[in-house]
K.L.:
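This is the structure I have questions about; it appears just below.
A, B, ... follow the sequence lines: proteins, then strands. Residue 1 opens every chain.
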Amino acid sequence: MSGAAISFSGQLINLFASVILLLAFAMLAQRRVMPLINLFALQGATLFLSTVVVAVSTGQHHLYWSAGLTLVLKVIALPLILHRLVRRLYVKWEVESLINIPTIMLVGIGLVIIAFNVALPISQLSDTITRGTLGIALATVMLAFLMMITRTKAIPQVVGFLSMENGLFLAATSATYGMPMVVELGIALDVLVGAIILGVFFFQIRDQFDSLDIRHMERLKDL
Amino acid sequence: MDMDFFVLMLAIPLISGLLLTVVGERAWAPNLNIIASLGTFLSSALLTVGIIANGPRFAFGELFFIDSLNVLFVTVTTFVGLTTSIFSGPYMKNEQEHGRLTVPRLRLYKSMFQLFMFTMLVALTTNNMGVLWVAMEAATLTTVLLVSLYRTPASLEAAWKYFILCGVGLAQALFGTILLYFAAERVLGETGNALLWTHLIDVKGQLEPTIMALSFIFLLLGYGTKVGLAPLHNWLPDAHAEGPTPVSAVLSGLLLNVALYAILRCKALADGAIHGGFAGNLMMGFGLFTLVVAAFFLSRQKDVKRMFAYSSIEHMGLITFAFGMGGPVANFAGLLHMTMHSLTKSAIFFAVGHATQKTGTQLMEHIRGLMRINPLIGWALMLGTLAILGMPPFGVFAAEFMILTHAMKHHPWATPILLTALGVAFAAIFGKVQPMVFGETEAKPLPHAPAITPVFLHLALVLMIGLYIPPYLTRWFNEAARMLG
Amino acid sequence: MNISGLLAQLFAIVMALFLAPLLTGWVGQCRAWLQSRTAPPLLQPYYMLHKLFHKDVVLAHGASSLFRVAPFVVFGCMVLACAIVPTLSTDLPFAPAADTIALVGVFGLARVFISLAAMDIGTSFGSLGGRREMLVGFLAEPALLMVIFTTAMISQSTSVATIVETLAHREFAIYPSLAFAGIAFTFVSLAENARVPVDNPATHLELTMIHEAMILEYSGRHLALIEWAASLKLYAYSCLGLALFFPWGVAAGDSFPAMLAAIPLLLLKLSIGGFLLAVIETVNAKMRIFRAPEFLGTAFLLAVLGLLVRLLLETRV
């Protein structure tokens with residue numbers, strides 16, 4: 001046993017991955033919009049650092065590119081877009097009500113346990129130094145999913161969606177040192193375009209519903 | 001020579017989509033839309049002929065791969081794309097005169113339609129499982145804009161649901177793709193080829209079964225969301241009901257197919273890695289469940305487009321079940337059913353589009369006497385409904401018959417479930433369409449005459465295949481079914 | 001067990017008894033500086049204790065013997081806790097008894113007694129404080145146990161001495177799990193020691209107080225013992241935290257020179273820790289009592305995450 005077997009960069013990567021998981025929980029519990037966006041940016045920054053460490057320690061050059069992509073997209077561009085949106089939609093002080101944080105946290109812990117169990121047999125097959133973080137990546141995806149389910153406001157839902165993408169990126173880095181470049185570029189493009197389209201969407205939703213609360217959206221039902 | 005057609009097929013929708021964005025709404029824009037779709041269809045047809053004659057081939061290095069399986073999907077896609085663009089010309093003009101759409105929206109519609117075609121064609125022809133995901137996500141983004149075209153509260157709600165649910169679904173698919181890459185890299189090494197399907201299929205027996213099983217579950221859940229598999233189907237009726245009718249037609253007729261195609265490619269890999277029919281059983285279970293759920297939801301629908309959306313879910317369930325059974329016969333039946341469903345369902349949506357425009361409502365209890373308003377539309381809806389319900393002599397009947405007999409032979413336990421679900425669906429749909437077609441009404445004629453040709457073209461094709469499948473087509477379908485293993 | 005071991009143990013206890021009020025005074029002084037107030041003298045807690053020991057005890061009419069016994073029990077518990085937490089050395093005669101779970105039990109025993117005593121008189125403040133104390137304790141204890149399990153998993157033992165020895169003598173490595181556990185431990189310590197943001201030891205504002213509400217009826221030497229016990233508790237928690245997360249410099253044997261050498265380092269660590277505590281108390285506002293469950297829930301969450309991360313990342317076959 002014991003940590004002596006893990007190299008220093010491996011320890012750093014584990015640390016960053018743990019921080020990403022912690023930030024996912026923090027986002028789950030954050031009721032206000034602006035701090036939520038900042039937490040998302042912080043998660044992106046941690047992801048960037050972790051990718052850089054992986055790139056340095058493994059000498060995989062294309063990982064520098066994906067790290068740069070993360071930095072530009074998730075630390076700078078997307079938070080900026082979201083900040084602008086929040087200001088222009090006048091929802092800066094919006095507070096999410098009706099969420100029972102302790103219960104959500106307990107569900108979150110349950111999800112983490114499930115994710116770790118699912119990932120464990122797979123990560124044991126891997127020989128990358130990042131293999132342990134696959135479970136954390138899956139847990140982050142699931143927590144972001146939980147966040148999207150529990151939120152009733154549009155912007156937090158989108159932040160959850162983007163955070164899910166962070167988890168997927170972490171999964172790609174941890175299992176296989178990143179996807180082929182063409183795929184990663186495509187994913188980044190999709191995320192960016194998606195965020196812009198959603199930005200336009202927010203204005204339309206607010207114009208039609210006078211609010212970004214998606215609880216107003218319950219006209220379409222089957223029963 | 002074939003490759004030029006391939007490039008043309010991808011380039012035409014991309015360029016015309018961008019062009020339609022840039023130049024704005026002109027008098028000739030609808031014609032450009034039709035011409036572009038025609039060009040795409042012709043080049044895909046010529047590509048198809050070449051592929052069937054000369055066998056599968058690559059394009060742009062190994063980035064694209066076309067065999068007789070995906071060329072079938074491509075042909076159906078471009079053909080329905082062409083007829084939809086013909087249909088949407090007068091339809092959209094009517095919408096504009098009703099004041100439901102403005103000029104900038106029409107421009108958005110046309111450019112997004114072409115870009116949507118482009119993303120689907122990329123998804124169908126790419127050899128790279130990662131690019132497949134990217135193209136699927138891009139197709140989602142373009143259709144989100146199409147669904148929300150009317151900007152009414154209901155359409156925004158539908159588009160939002162569509163985006164969130166499919167976004168989450170596709171995130172699962174991406175995770176599955178990552179796991180697939182992980183499994184492949186252990187065999188193929190870090191060559192960058194590890195996501196190329198042609199390489200994967202060569203080494204499918206060596207892929208780690210544990211990883212592949214998990215990967216396939218995620219991929220099935222992810223792409224299954226887009227296929228509309230229950231219980232992940234919630235977005236589908238909303239998006240179909242609230243978007244413009246041409247969009248409903250391409251969603252039902254094409255997008256679901258493309259998502260299904262993605263699952264089929266993954267299944268081929270999973271089958272090679274995992275023994276004991278794990279992937280097939282999973283698909284059969286999901287397909288059957290979807291079929292039953294959709295059949296029982298059908299009877300509760302009041303909105304005509306919603307009802308036919310549930311009918312799409314039902315058929316997708318049946319097709320998934322067929323592919324889940326596997327083997328040459330079931331795969332043949334699945335492919336045939338998929339083709340027939342695309343043609344029939346888009347024809348029905350064309351007819352429904354005109355019907356709702358004439359009566360000004362989508363509520364079935366207010367649509368009456370289509371036979372009196374316009375006999376052509378009345379007959380189109382009636383025949384289309386009969387075809388989609390699997391009445392002989394239409395092609396859907398042939399496909400359903402093959403699926404049922406195959407199920408009886410190999411999975412007899414499933415037969416009663418299949419028959420019950422199909423019976424319930426028949427009763428629900430027919431009971432609601434009949435009074436819409438025959439009945440009393442006093443609606444006024446429309447300013448622009450409807451484009452009825454596409455409807456009957458589709459129905460004629462479905463009828464023809466129901467009566468007689470040309471040997472050329474049989475060979476092609478058999479070849480494609482063989483690809484699926 | 002030999003005589004020198006006993007002497008060393010005795011020395012550690014005596015040092016705890018005398019250092020604990022000093023730590024309380026130091027924290028108070030740092031707080032005053034940070035809040036730009038005139039600081040009370042460093043030895044203020046000693047003056048307090050001295051004054052209180054020379055005052056008569058006033059007992060409420062309805063006070064039962066439990067009320068009179070409680071201060072002694074609490075004080076005894078805290079002395080025992082200070083004796084088994086490794087402060088200067090890990091190899092003292094009491095070390096075999098120093099099981100972490102037992103330690104949590106000792107703290108729990110003290111809590112039960114002081115809450116019962118608070119309710120014994122029957123005043124509204126007493127029972128209010130007692131109930132609140134139990135609420136906090138009920139939430140803090142599982143979190144504390146989780147923290148301890150995390151560290152116990154690293155060292156494969158629940159004995160404090162073994163944990164400290166393992167942690168102090170491993171090669172340097174980053175343990176994300178320990179970081180999580182450390183933050184969780186800080187949260188729990190703040191709550192358990194009635195510190196801002198959960199409670200404010202310097203207030204008698206009736207709606208917010210927890211610990212002070214329980215001891216309102218005490219006077220004279222009883223109050224002195226309870227105040228001293230509170231100081232000892234802070235000292236014990238600080239030493240436990242230092243031992244678990246900054247274990248370097250604790251002597252391994254029971255030889256006096258080694259223990260004497262460990263004293264300056266301990267004083268340094270304690271003074272830094274006390275200063276940080278004062279900083280935390282200054283920058284945070286006291287939260288409403290109903291937020292306390294959320295605060296401690298976070299601590300529990302962190303501790304569980306630490307445990308899970310430990311299982312996932314740091315175990316290798």
K.L.:
With only heavy atoms counted, which part of A:A144 is less than 4.5 Å from chain B, the side chain, the backbone, both or neither?
P.N.:
neither
K.L.:
With a 4.5 angstrom heavy-atom cut-off, which part of A:M148 approaches chain B: side chain, backbone, both or neither?
P.N.:
side chain
K.L.:
Can a donor-acceptor pair be found, under 3.5 Å and without considering hydrogens, that links the side chain of A:K74 to the backbone of A:F48?
P.N.:
no
K.L.:
Is A:L198 close to chain B through its backbone or its side chain, or both, or neither, when contacts mean heavy atoms under 4.5 Å?
P.N.:
side chain
K.L.:
Could you check, using the six-membered ring where one of them is a Trp, whether A:F201 and B:F163 have ring centers closer than 6.0 angstrom?
P.N.:
no
K.L.:
Find out whether B:L207 and B:I211 are in side-chain contact, i.e. whether some heavy atom of one side chain is under 4.5 Å from a heavy atom of the other.
P.N.:
no
K.L.:
Can any side-chain N or O of A:K153 pair as donor or acceptor with the backbone N or O of A:V33 at less than 3.5 Å?
P.N.:
no
K.L.:
Is there side-chain contact between A:M147 and A:F25, with at least one heavy-atom pair below 4.5 Å?
P.N.:
no
K.L.:
Between B:K305 and B:A239 (side chain of the first, backbone of the second, donor and acceptor by atom type, cut-off under 3.5 Å), is there such a pair?
P.N.:
no
K.L.:
Which one wins on heavy-atom pair count under 4.5 Å against chain A: B:I164, B:D303, B:V168, B:T177?
P.N.:
B:V168
K.L.:
By a 4.5 Å heavy-atom criterion (distance strictly below it), what part of A:F169 contacts chain B: side chain, backbone, both, or neither?
P.N.:
neither
K.L.:
Between A:V158 and chain B, which part of the residue has a heavy atom less than 4.5 Å away: side chain, backbone, both or neither?
P.N.:
side chain
K.L.:
Does some side-chain heavy atom of B:T126 sit less than 4.5 Å from a side-chain heavy atom of B:W197?
P.N.:
no
K.L.:
Using modelled atom types and a 3.5 Å cut-off, is there a donor and acceptor pairing between side-chain atoms of B:W235 and backbone atoms of B:C166?
P.N.:
no
K.L.:
So what's closer than 4.5 Å to chain B heavy atoms on A:E184: side chain, backbone, both or neither?
P.N.:
neither
K.L.:
Relative to chain A, which segment of B:L179 carries a heavy atom at a distance below 4.5 Å: side chain, backbone, both, or neither?
P.N.:
side chain
K.L.:
In terms of heavy-atom pairs under 4.5 Å, which option from A:V182, A:L168, A:V193, A:L189 contacts chain B the most?
P.N.:
A:L168
K.L.:
Once you measure the plane-to-plane angle for B:Y310 and B:F297, does it fall in the parallel (<30°), tilted (30-60°) or perpendicular (>60°) bin?
P.N.:
parallel
K.L.:
Counting only heavy atoms closer than 4.5 Å, note whether B:A194 contacts chain A via side chain, backbone, both or neither.
P.N.:
neither
K.L.:
Between B:W160 and A:Q157, do the side chains contain a donor N or O and an acceptor N or O under 3.5 Å apart?
P.N.:
yes
K.L.:
Please rank A:V141, A:L138, A:I205, A:V118 by heavy-atom pairs under 4.5 Å with chain B and give me the top one.
P.N.:
A:L138
K.L.:
Verify, without hydrogens or angle tests, whether B:S111 (side chain) and B:L18 (backbone) share a donor-acceptor contact under 3.5 angstrom.
P.N.:
no
K.L.:
For the side chain of B:T290 and the backbone of B:L229, is there at least one donor-acceptor N/O pair under 3.5 Å apart?
P.N.:
no
K.L.:
Within a strict 4.5 Å, meaning less than it, do heavy atoms of the B:Y109 and B:V247 side chains meet?
P.N.:
yes
K.L.:
Flag the one option from A:D207, A:D190, A:V183 with the top tally of heavy-atom pairs under 4.5 Å to chain B.
P.N.:
A:D190
K.L.:
So for A:I187, is it side chain, backbone, both, or neither that comes closer than 4.5 Å to the heavy atoms of chain B?
P.N.:
both
K.L.:
Write out, in numerical order, the residues from residues 140-152 of chain B with a heavy atom short of 4.5 Å from a heavy atom in chain A.
P.N.:
B:L141, B:V144, B:L145, B:S148, B:R151, B:T152
K.L.:
Please look at B:L195 and chain A and tell me whether the side chain, the backbone, both or neither of the residue comes under 4.5 angstrom of a heavy atom of that chain.
P.N.:
side chain
K.L.:
So for B:A183, is it side chain, backbone, both, or neither that comes closer than 4.5 Å to the heavy atoms of chain A?
P.N.:
neither
